[in-house]
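Here's the structure, in structure tokens; my notes come after.
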Amino acid sequence: MWKITYRIRRQKGDEASHYDTFQVEVDPEEYVLDGIEKIWAFEDRSLTFRHACHHSTCGACGMRVNGVEKLTCITKIKDVTQDGGTLTVDPLRNFPVVSDLVVDLGPLYRKMEAVHAPPVHPLSMTPWEGEDIRPPKEVPTPPEGGEYIRLPDCLECGICISACPVAASDPDYLGPAPLAAIQIQGLEGHPELLALADSQQGVWRCHSAFECSAVCPSSVDPGWRIMDLRRQVTARRLKTIIG
Amino acid sequence: MQSTPKSGENFWLWFLKIASGILILFILAIHLTVNHFTAPNGLLSHREVVAYFQNPLVLFMEGLFLLLLVIHSLLGLRGIILDLNPPESTRRLIDIIFLVVGTIVSLYGWWLLFAVRSLTS
């Protein structure tokens, strides 16, 4: 077992934020979220944080661990600190803090709605990823003309928005996850999204820092998708003058 | 979020910035070659500069070079200002100021080009 120090950012209501420290005994194979739950269970029941599935499906437990955005349910303690070390845990950036490590992800959800992010989509919509996740043989083939349906990779965890330097300066900027959702749908089939993608909130505000791709826990690779969306916008705009 | 997309940035402005950047590199290569790499002692003399500007093609190229530099730099500066997330009215005011400054600088530069060219006449 390791003895580590959790340094957790605390903030209730309008009060100024501060850090509380907790000494925790953990198995290094445990996850950062497990340690936070131990603190809540045995040290401080007023500590608030979001969590649900514990296997990187719900996207609820996004936080900053030692300054880097992580999905804490899949971040092993041994990968981010050492025996006797310190883990500094902060809420996600670029979202209003509700309490301690809980942020209001409402702005992200509203943007995902504005770009009509699909809750499920056909396998063919993400052809590269689709190759690796073909259903096993025992799953019945869809009826003729039909397609297998899958959940999108994006968990809507907000981690990409927190890491994005442009989202930090402009709250109206759509941000990596919503722009990736436009790219996945494609402007060819969804021309109504062109005006939003090709606007001050859209693809041209991206500084190509690729921080979103570096921290995305779900292989969405939003940075690459924004670059591809630029290519789609460019093609459509040039087509208007070339014909 | 607001329902109408903000119009402060779009494909054409991005395209202008990228295209001007590429053209600047091309003309810069010609400019450096003529004015420095192939010039005696690495610099044209006053008389050689005046003679060089007698060529209408050179006059057009140097005038275009100036215009592209003004466009590229002002669009770059505008991009940095947009990062500061100014209010829409301030952004419009900045657009007007940059348009006026860019026009004045370009006109002054072109006047200088013709002034240098006319030194022999």
Side-chain angles (χ1 to χ4, degrees), chain A residues 94-95 104-117 161 164-175 177-179 181-182 187 191-209 226-227 229-242, chain B residues 1-28 60 63-64 67-103 105-106:
Chain A
N94 307 331
F95 293 103
D104 176 10
L105 288 173
L108 169 64
Y109 299 148
R110 282 190 285 279
K111 286 172 184 170
M112 294 301 270
E113 261 182 39
V115 302
H116 315 139
I161 305 277
C164 174
V166 181
S169 72
D170 185 355
D172 285 336
Y173 172 54
L174 281 174
L179 288 172
I182 296 179
L187 293 177
E192 75 279 5
L193 296 174
L194 174 63
L196 197 51
D198 185 17
S199 72
Q200 195 175 321
Q201 296 116 292
V203 286
W204 312 115
R205 296 300 298 135
C206 172
H207 284 208
S208 314
I226 292 172
M227 294 306 115
L229 187 57
R230 278 186 177 179
R231 185 190 58 74
Q232 292 185 35
V233 172
T234 301
R236 292 192 72 81
R237 289 303 187 206
L238 288 179
K239 211 182 265 185
T240 58
I241 53 169
I242 295 168
Chain B
M1 66 176 292
Q2 65 180 65
S3 54
T4 314
K6 285 186 185 175
S7 59
E9 193 134 47
N10 59 45
F11 164 72
W12 295 111
L13 286 174
W14 176 82
F15 185 73
L16 194 58
K17 189 161 59 184
I18 298 299
S20 60
I22 293 168
L23 284 170
I24 283 169
L25 283 177
F26 181 68
I27 300 177
L28 185 66
F60 173 76
L64 182 65
L67 180 66
L68 292 171
L69 282 172
V70 169
I71 289 172
H72 192 77
S73 56
L74 287 179
L75 281 176
L77 190 57
R78 184 179 179 275
I80 295 169
I81 290 171
L82 280 184
D83 282 348
L84 302 175
N85 197 24
E88 194 66 8
S89 55
T90 311
R91 204 259 308 155
R92 285 207 190 97
L93 181 67
I94 288 166
D95 284 353
I96 292 168
I97 291 171
F98 277 16
L99 205 60
V100 171
V101 169
T103 305
V105 168
S106 300

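Remember, it's a predicted structure, so these values are computed and weren't measured experimentally. Only this structure's heavy atoms are used, side chains among them; waters, hydrogens and symmetry mates stay out. Each chain gets a letter, A, B and so on, in the order its sequence line appears, and its residues count up from 1.
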Relative to chain B, which segment of A:Leu108 carries a heavy atom at a distance below 4.5 Å: side chain, backbone, both, or neither?
neither
Which atoms of A:Arg230 come close to chain B, meaning under 4.5 Å heavy atom to heavy atom: side chain ones, backbone ones, both, or neither?
side chain
Using a 6.0 Å cut-off, check whether atom CZ of B:Phe60 has over 12 heavy atoms from anything other than its own residue.
no
Using the six-membered ring wherever Trp is involved, compare the ring planes of B:Trp12 and B:Phe15 and label them parallel, tilted or perpendicular (cut-offs 30° and 60°).
perpendicular
Would you mind checking if A:Glu113 and A:Arg110 are paired as a salt bridge, meaning a charged N to carboxylate O distance below 4.0 Å?
no
Under a 4.5 Å cutoff for heavy-atom pairs, which residue among A:Leu238, A:Val166, A:Thr234 has the most contacts with chain B?
A:Thr234
May I ask you to test the B:Asp83-A:Arg205 pair for a side-chain heavy-atom distance under 4.5 Å?
yes
